[in-house]
2 protein chains.
Amino acid sequence: MAQEKEVASGMEWRITMADGSSEALAPDAGFAKIAWLALKGLIGGLVLKVWKFLKKAWDLGHNEPRKVIHCLKVGMALTVVSVFYYMRPLYEGVGGNAMWAVMTVVVVFENNVGATLCKSINRICGTFLAGFLAIGIHWIANRSGEEFEPFITGISVFLLASAATFSRFIPSVKIRFDYGIMIFILTFSLVSVSGYRVDKLLDMAGQRISTIIIGTSLCIIITVVICPIWAGEELYMLITRNMDKLAGSLDGCVAEYFNDSGGFADSDKESDKKALGYKCVLSSKGTEEAMANFARWEPAHGRFNFRHPWKQYLKIGASMRDCAYCIEALNGCVNSENEAPEFTKKHISNTAIKVSSDSSMVIKELAKTMKTMKKSSTIDFLVGEMNNAVLELQEDLKSLPTLFIPQPLQEAECPENKSTEQDSKKAVPLMEIIPLVTLASLLIEIVSRIEGMVSAVEELAGLAEFKSVDDRKTNQNQTINKVVPDHQGGLQIQRV
Amino acid sequence: MAQEKEVASGMEWRITMADGSSEALAPDAGFAKIAWLALKGLIGGLVLKVWKFLKKAWDLGHNEPRKVIHCLKVGMALTVVSVFYYMRPLYEGVGGNAMWAVMTVVVVFENNVGATLCKSINRICGTFLAGFLAIGIHWIANRSGEEFEPFITGISVFLLASAATFSRFIPSVKIRFDYGIMIFILTFSLVSVSGYRVDKLLDMAGQRISTIIIGTSLCIIITVVICPIWAGEELYMLITRNMDKLAGSLDGCVAEYFNDSGGFADSDKESDKKALGYKCVLSSKGTEEAMANFARWEPAHGRFNFRHPWKQYLKIGASMRDCAYCIEALNGCVNSENEAPEFTKKHISNTAIKVSSDSSMVIKELAKTMKTMKKSSTIDFLVGEMNNAVLELQEDLKSLPTLFIPQPLQEAECPENKSTEQDSKKAVPLMEIIPLVTLASLLIEIVSRIEGMVSAVEELAGLAEFKSVDDRKTNQNQTINKVVPDHQGGLQIQRV
């Protein structure tokens, strides 16, 4: 807006110049005006940009107040750890190493509890391991005389840093210990090249560890006590929210096709947005995996136990994505230019809408099962309904061919004869009902994939011991048998 | 293997016990044997586990030697920076702050050049900005007397840390400056609470900055000079590789359906793996985005300019995913239980295979265009061929209905009459050709999505100024007009 105004004013000034060139002072006044306009434009543009940025930030904060709370928590943690500096007795106690507490808070404090815990534990373990390994090697290097010391230190740093960096590429290690290994490399390098004597190093190591423990405990306390954001709950919310979206867009797609004849332009924005809800499911894999990974570090919270089967959520997510791929293809077919004749559409519209509404009912029921964490009593019934609707749809499809054979045909005995022009003119050609058949076929495929979702959710209900809806605890007490590694078993026998 | 052996031996021993209970010494010998076996099992199990881990690591290194090289590079950088400690003049020069060089190397050194550059620049800028801001606030706090100092420091830390943390949530900021903001918070907190006098702080700040610059330059030199891994090239390779996979799986899916009658069990593993290549495309979004983000930090390298349109690669990736969604649905239909009768399959098999092979030819040609970075002379022809094949497929579908009207029908005048049992018994019902129609329809949808890929690649060819295949430079010199922000224009006028 401000830019436009500026441009308009500039134009106006130029026109004035071209018109009235009688006054000698005009150019001077013009430059002053240019300068003033430019300044105005500059300030206006800047204000506009800052305003837009602030507006965006405000919207973000307004929509997700928990993010604002997280920021305030970070500010608080840092302020608390800074106050630490002003308490001289404590400050002297850790010998100026209080810096590490600040650093720990900045680096370790994450948006959710799981991530904070993961980083804290990684940091403590990494520092601890690397510190004592480095002190050991330092001791050996010291013993071997001044000539060899740099070599031993250098080689050990080279080998350990290379090996540790390599281990960060191994997926199973990377998922859990990536940060810990970085801290391991960092601490090992710092200690082994610091050039101090071993006894001073031990002092320093103790101080480092204690400051890190102070920093991490502060982070953990603040992140758990003040409005905690649990990675597990985030994952749980994400999955249930996505289920609702999936149900909505399945309904929306099919209804849109049959209501306004597949036309995309005149459908209102709201239903359009709803129909495209499945797109969130398509791209949620990364978030789901990260959340499930962090959730494993979290203690019991809310309705979730410590060993809640978070991995099963990934399976549910994958089955939802399978479903979403088909909805995406369905959406493509629905919006394609090929249009089936109105009367054939009417022929199967009722059953197709029934299939889609029944299957979205099943998805909604699954979402409800997850939300209430109670086994659904109606899911079997709903799945049955859905399958019945599919059978009905198949029946309707079977009766479709009769619609486009209006008159007896003569030349049908010879299947090789492709030039049956007179036939195809009389009948509705197969070409025209292709979109309809594809839609039906994809709906059937979607139904079979929804069954995959149902079994994934049922598996979760078993693993997480969801209660039955009538609140009686189910008989099947499926305790998760932890597989004890073989050599531990061996150890026990050895002790006997 | 070792475990099994142990168990087997244990069993044997028990049987021996049950049989020969004549000797009194048997239990003692038994316990010794148990202990020995347990020890053997323990060691065996451990060795096996370590062996398996090493095997996995070896395979990883063997398959991707560049990862091994990266690890050696990290080791080298750390060793070099450690040697720094042993050069006393240099060490004294930075007043014991050499620690920061080590830390910088550990934290900043990333797998590819773009990521290393991004982190380096972020680290330097973040430290610089935060350092001087903190010194300013420190100076104000010092002036305002001992009572207010902790309050001013505390409040400034709280406000800045909160605001900076919040800005990390804004997507446009997060993508580029996430690490820089973390370093900003870290440095600001460290400096503002360090409790030194301002002149000493300035000294320290200079040393910090210089050590960080030493560390980052070392990282950048090593990462660029020794076997550089460019994020841009990785992205480029990923996209072209995925294109080949997409073409292969499109071919594979359709061929599989028509060759061995959709049977999945007896198809060999190799073609199976090829047909599932599209799955890589489905899940590559995250990697593509990360790589494109890092690639923007990279200087000109190889065949890529500094301002190579990396964002366009994301568009190509998105159009490939659109295609892959449809192939996923196609794959689902191909493997469904419904089986079309053999003779109807034969009727369209040739044209369907032609459509799939033509469209995979188009994809391969796109991959070739990208690999050679030359505009394809045949792509228009190939797209035309593909569209012709689609027309042929549609013709074949049109002639399909004539196949299943073997005899004249009498009751076809009444469309509502669903009980035309005698008709459907004589004709091949529509139900049976549904999988075939769906396959054809999805193929047509895939073709239209491939056209999206073609236009995305053509846009890239325009933006990146690909040469024509006959090596004459194209006439259209599409220079990328950088949009100059409005207030800068205003600034220039002001200067005049």
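Within every chain, numbering begins at 1; the chains are lettered A, B, ... in the order of the sequence lines, protein sequences first and strands thereafter.
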Colleague: Out of curiosity, A:L186 CG to B:T104 OG1, how far, rounded to the nearest 0.5 Å?
Modeller: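 The distance works out to 9.5 Å.
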Colleague: Quick one: what part of A:S283 sits under 4.5 Å from any heavy atom of chain B, side chain, backbone, both or neither?
Modeller: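 Interface part for A:S283: side chain.
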Colleague: Among B:L160, B:N111, B:V105, which residue forms the greatest number of heavy-atom pairs with chain A at distances under 4.5 Å?
Modeller: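 The answer is B:N111.
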Colleague: Can you tell which part of A:K56 gets under 4.5 Å to a heavy atom of chain B, answering side chain, backbone, both or neither?
Modeller: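 Contact with chain B: side chain only.
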Colleague: What part of A:V173 is in contact with chain B, defined as an atom under 4.5 angstrom from a non-hydrogen atom: side chain, backbone, both or neither?
Modeller: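 It is the side chain, since no backbone atom gets that close.
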Colleague: For A:M103 and B:L190, which heavy atoms make the closest approach, and how far apart are they?
Modeller: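 Nearest pair, atom of A:M103 first, then B:L190: CE-CD1, 4.3 Å.
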Colleague: With a 4.5 angstrom heavy-atom cut-off, which part of A:F109 approaches chain B: side chain, backbone, both or neither?
Modeller: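 Looking at A:F109, nothing touches chain B.
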Colleague: Given a strict heavy-atom distance threshold of 4.5 Å, which part of B:S167 is in contact with chain A: side chain, backbone, both, or neither?
Modeller: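 Contact with chain A is absent: no heavy atom of B:S167 under 4.5 Å.
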Colleague: Step by step, work out the ring-ring contact (aromatic ring centres under 6.0 Å, His included) result for B:H70 and A:F166.
Modeller: CA-CA 8 Å; B:H70 168 68; A:F166 185 74; over 10 Å; no
Colleague: Where do A:K73 and B:T165 land on the side-chain contact (heavy atoms from CB on, under 4.5 Å) test, with the steps shown first?
Modeller: CA-CA 10 Å; A:K73 276 156 74 181; B:T165 307; over 6 Å; no
Colleague: To the nearest 0.5 Å, what is the distance between CG (B:L282) and CZ (B:R321)?
Modeller: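 It comes to 8.5 Å.
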Colleague: Side chain, backbone, both or neither: which part of A:K285 has a heavy atom under 4.5 Å from chain B?
Modeller: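 Contact with chain B involves the side chain of A:K285 alone.
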Colleague: Please rank A:V74, A:I185, A:T79 by heavy-atom pairs under 4.5 Å with chain B and give me the top one.
Modeller: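 Of A:V74, A:I185, A:T79, A:T79 has the most heavy-atom pairs under 4.5 Å with chain B.
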Colleague: Against chain B, work out which of A:A161, A:S189, A:C326 has the most heavy-atom pairs shorter than 4.5 Å and name it.
Modeller: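 So the answer, after comparing A:A161, A:S189, A:C326, is A:S189.
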Colleague: Would you mind checking which part of A:R168 comes under 4.5 Å of any heavy atom in chain B, side chain (CB onward), backbone (N, CA, C, O), both or neither?
Modeller: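 Interface part for A:R168: neither.
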Colleague: Between A:E445 and chain B, which part of the residue has a heavy atom less than 4.5 Å away: side chain, backbone, both or neither?
Modeller: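 It is the side chain, since no backbone atom gets that close.
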Colleague: Report the option among A:S156, A:G332, A:S162, A:A163 that has the most heavy-atom pairs separated by less than 4.5 Å from atoms of chain B.
Modeller: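 Between A:S156, A:G332, A:S162, A:A163, the count favours A:S162.
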Colleague: Of all the heavy-atom pairs spanning B:L72 and A:F158, show the shortest one and how long it is.
Modeller: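 Between these two residues, the closest heavy atoms are O-CE1, 3.5 Å.
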Colleague: With the side chain counted from C-beta on, respond yes when A:K279 and A:E328 share a heavy-atom pair under 4.5 Å apart, and no when they do not.
Modeller: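 Of all side-chain heavy-atom pairs linking A:E328 with A:K279, at least one is under 4.5 Å.
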Colleague: Using only atom types and a distance under 3.5 Å, with no angle test, would you say the side chain of A:S441 pairs donor to acceptor with the backbone of A:V437?
Modeller: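 Judged by distance alone, no pair lies under 3.5 Å.
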